[in-house]
Amino acid sequence: MDDVIIPVAFFLILAGAVVAVAYFQSQRNRERDRQYAQAMQEYREAVERARSEQEATRLQLVELGHRLQNVEGLLRSVD
């Protein structure tokens, strides 16, 4: 009976160490995943802002194009 206690205790300690290492790696991976999700959310927000700014710029360019056509029309009518 005494011969069994030491190997069993050794394997229990070894199993506990493996479980502890796996737990802490899992926690580290969760934190990394949280940071990745936060970065992706910030990226999505930045893309959405850029998209809306691009649309506003496009509308301004269209408006300037119409104004330029009006000015050209006025200049041609003077001749």
Side-chain angles (χ1 to χ4, degrees):
M1 183 74 169
D2 290 338
D3 295 336
V4 175
I5 293 174
I6 292 175
V8 168
F10 173 76
F11 284 114
L12 287 176
I13 291 171
L14 183 64
V18 168
V19 168
V21 167
Y23 173 77
F24 287 115
Q25 282 183 346
S26 173
Q27 292 300 316
R28 188 177 63 195
N29 288 341
R30 284 183 186 167
E31 181 62 29
R32 189 180 63 221
D33 290 345
R34 247 183 248 117
Q35 291 172 351
Y36 178 74
Q38 182 180 7
M40 290 305 294
Q41 180 62 30
E42 291 171 2
Y43 173 72
R44 285 186 204 103
E45 290 170 0
V47 166
E48 188 59 37
R49 277 194 310 271
R51 188 176 292 153
S52 65
E53 290 172 4
Q54 182 181 14
E55 182 65 22
T57 303
R58 188 186 70 76
L59 291 174
Q60 287 177 346
L61 284 174
V62 167
E63 181 183 345
L64 287 173
H66 290 304
R67 287 184 179 183
L68 183 61
Q69 286 177 351
N70 290 339
V71 169
E72 284 179 358
L74 287 172
L75 289 174
R76 289 181 196 270
S77 68
V78 170
D79 289 339

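- Both Val4 and Leu12 are part of a single hydrophobic cluster, where members link through side-chain heavy atoms under 4.5 Å apart.
- Residues Tyr43 and Tyr36 share a hydrophobic cluster, clusters being chains of Ile/Leu/Val/Met/Phe/Trp/Tyr side chains in contact below 4.5 Å.
- The pair Glu48-Arg44 fails the salt-bridge criterion, with no side-chain N (NZ, NE, NH1 or NH2) lying under 4.0 Å from an Asp/Glu carboxylate O.
- The structure places CG of Leu68 at 9.5 Å from CG of Leu75, a figure rounded to the nearest 0.5 Å.
- For Gln54, the CD atom counts as loosely surrounded, since its 6.0 Å shell holds 12 or fewer non-hydrogen atoms of other residues, nucleotides or ligands.
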For this session: Begin from the C-alpha positions of Glu31 and Arg28 and carry the test salt bridge (Lys or Arg N to Asp or Glu O under 4.0 Å) through to its verdict.
Result: CA-CA 5 Å; Glu31 181 62 29; Arg28 188 177 63 195; over 6 Å; no
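- Atoms CD and CD, on Glu45 and Glu42 in that order, are 7.0 Å from each other to the nearest 0.5 Å.
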Problem set entry | Stepwise salt bridge (Lys or Arg N to Asp or Glu O under 4.0 Å) test for Arg67 and Glu63 | CA-CA 6 Å; Arg67 287 184 179 183; Glu63 181 183 345; 3.0 Å; yes
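- The backbone N or O of Glu53 lies less than 3.5 Å from a partner atom in the side chain of Thr57, making a donor-acceptor pair.
- Side-chain polar atoms of Arg32 and Asn29 form a donor-acceptor pair below 3.5 angstrom.
- Rounding to the nearest 0.5 Å places CD of Gln69 at 12.0 Å from CG of Leu74.
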